Amino acid sequence: MTAGLPDPAGFPDCPVCAYRITGTARLCSGCAGRTLQPVAEPHCPVCSQAVVPGRQCSNRVCALSEAERGFSRVDAVAMYSGALRDKIHKLKYDGKTGWAMIFGRLLVGWMESHPDQMRGVDHVVGNPTHTGREPIQHIEAIMDAAYTEDVTRAFPLSAPGAHRLVKQAETARSANRTLDEKRAAATAHAAALTWTGDTSDIKGATILLVDDVFTSGSQLQHVALRLRATGAADVRGLVLARVPWSG
């Protein structure tokens, strides 16, 4: 840090950090990177899960062709563990809205530091939650924060309140369900989504689909297939946290 200025508090002590309000995406993502569990090396180039050198990824979705899988790859800011898991839950289930700002910074910081993965992206959209979700539409809150933190407008994020992908109908949640139930829930979720505005701008587009966590990829798969059926040429994923795959 610059002489005379305090050091960042470090993740997850963001609420008491001197840069909680004024911190940039680069500052906050660099700070968080010191304590978050990084994506393992080596990892699967499709789903970011740790792999044993010389062996194939055990995630069944990675064995599918891209046309069947729907998405080309998914990247993660970090692994789903420890404080990151806890703070995602604080936002998602307790409605602690301050974490949306921090997560928005982490996403923009990742995008700034990965220009190759961002090259050619036409739309950055969140995997939407139902408009009536309680206590908060956490994905929309994170995406609104990311737009605000992208002060140079370097990335094709939608302005707050103008999300391109929306979910008007509530569907069954997939948490704590069997694999077949999770797949059924993912299918229903994707079917409930709508691309707002002029649908011609999705034709031939590369879309970066943002979510909070990624486990098996079933929901991302069905949303990506829906977007490709609407005309998208490529769908990539970016998540805050990659849940270790045990399948």
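In what follows, residues are counted from 1 in the order of the sequence shown. The model shown is predicted, which means the values in this text are computed figures rather than measured ones.
Closest of all the heavy-atom pairs between Asn59 and Thr215 is ND2-O, 4.1 Å. Nearest heavy atom pair, residue Ser158 against residue Arg164, reads OG-CG, 3.2 Å.
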message = What verdict does the side-chain contact (heavy atoms from CB on, under 4.5 Å) test give for Val121 and Arg236, after you've listed the backbone C-alpha separation in whole Å, the side-chain angles of each residue and the deciding distance to 0.1 Å?
response = CA-CA 9 Å; Val121 172; Arg236 307 169 190 172; 3.6 Å; yes

query = Do Leu193 and Asn127 pass the side-chain contact (heavy atoms from CB on, under 4.5 Å) test, and can you show the C-alpha distance, the side-chain angles, and the key distance before you say yes or no?
reply = CA-CA 9 Å; Leu193 305 185; Asn127 183 15; 4.3 Å; yes

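Evaluation of the ring pair (Phe, Tyr, Trp, His ring centres under 6.0 Å) rule for Phe11 yields Trp99 as partners, not counting sequence neighbours. Listed by chain and number, the residues in a ring pair (Phe, Tyr, Trp, His ring centres under 6.0 Å) with His123 are Trp195 (sequence neighbours excluded). For Arg85, there are no salt bridge (Lys or Arg N to Asp or Glu O under 4.0 Å) partners two or more places apart in sequence or in a different chain.
Atom CE of Met111 sits about 11.5 Å away from atom NE2 of His114, to the nearest 0.5 Å.
In this structure, Ser48 contributes its side chain and Val74 its backbone to a donor-acceptor pair below 3.5 Å. With Arg242 contributing its side chain and Cys47 its backbone, the two residues share a donor-acceptor pair below 3.5 Å. The main-chain N or O of His189 is never found under 3.5 Å from a side-chain atom of Arg226 such that the two would form a donor-acceptor pair.
Side-chain contact, Thr131 with Gln137: no donor N or O sits under 3.5 Å from an acceptor N or O.
No path of Ile, Leu, Val, Met, Phe, Trp and Tyr side chains, each step under 4.5 Å between heavy atoms, connects Val77 with Val125, placing them in separate hydrophobic clusters.
Note: His89 and Tyr93 have perpendicular aromatic rings, judged against thresholds of 30 and 60 degrees for the angle between ring planes.
Taking the ring axis of Phe71 as reference, the NZ or CZ atom of Arg228 does not stay both within 45° of it and closer than 6.0 Å to the ring centre.
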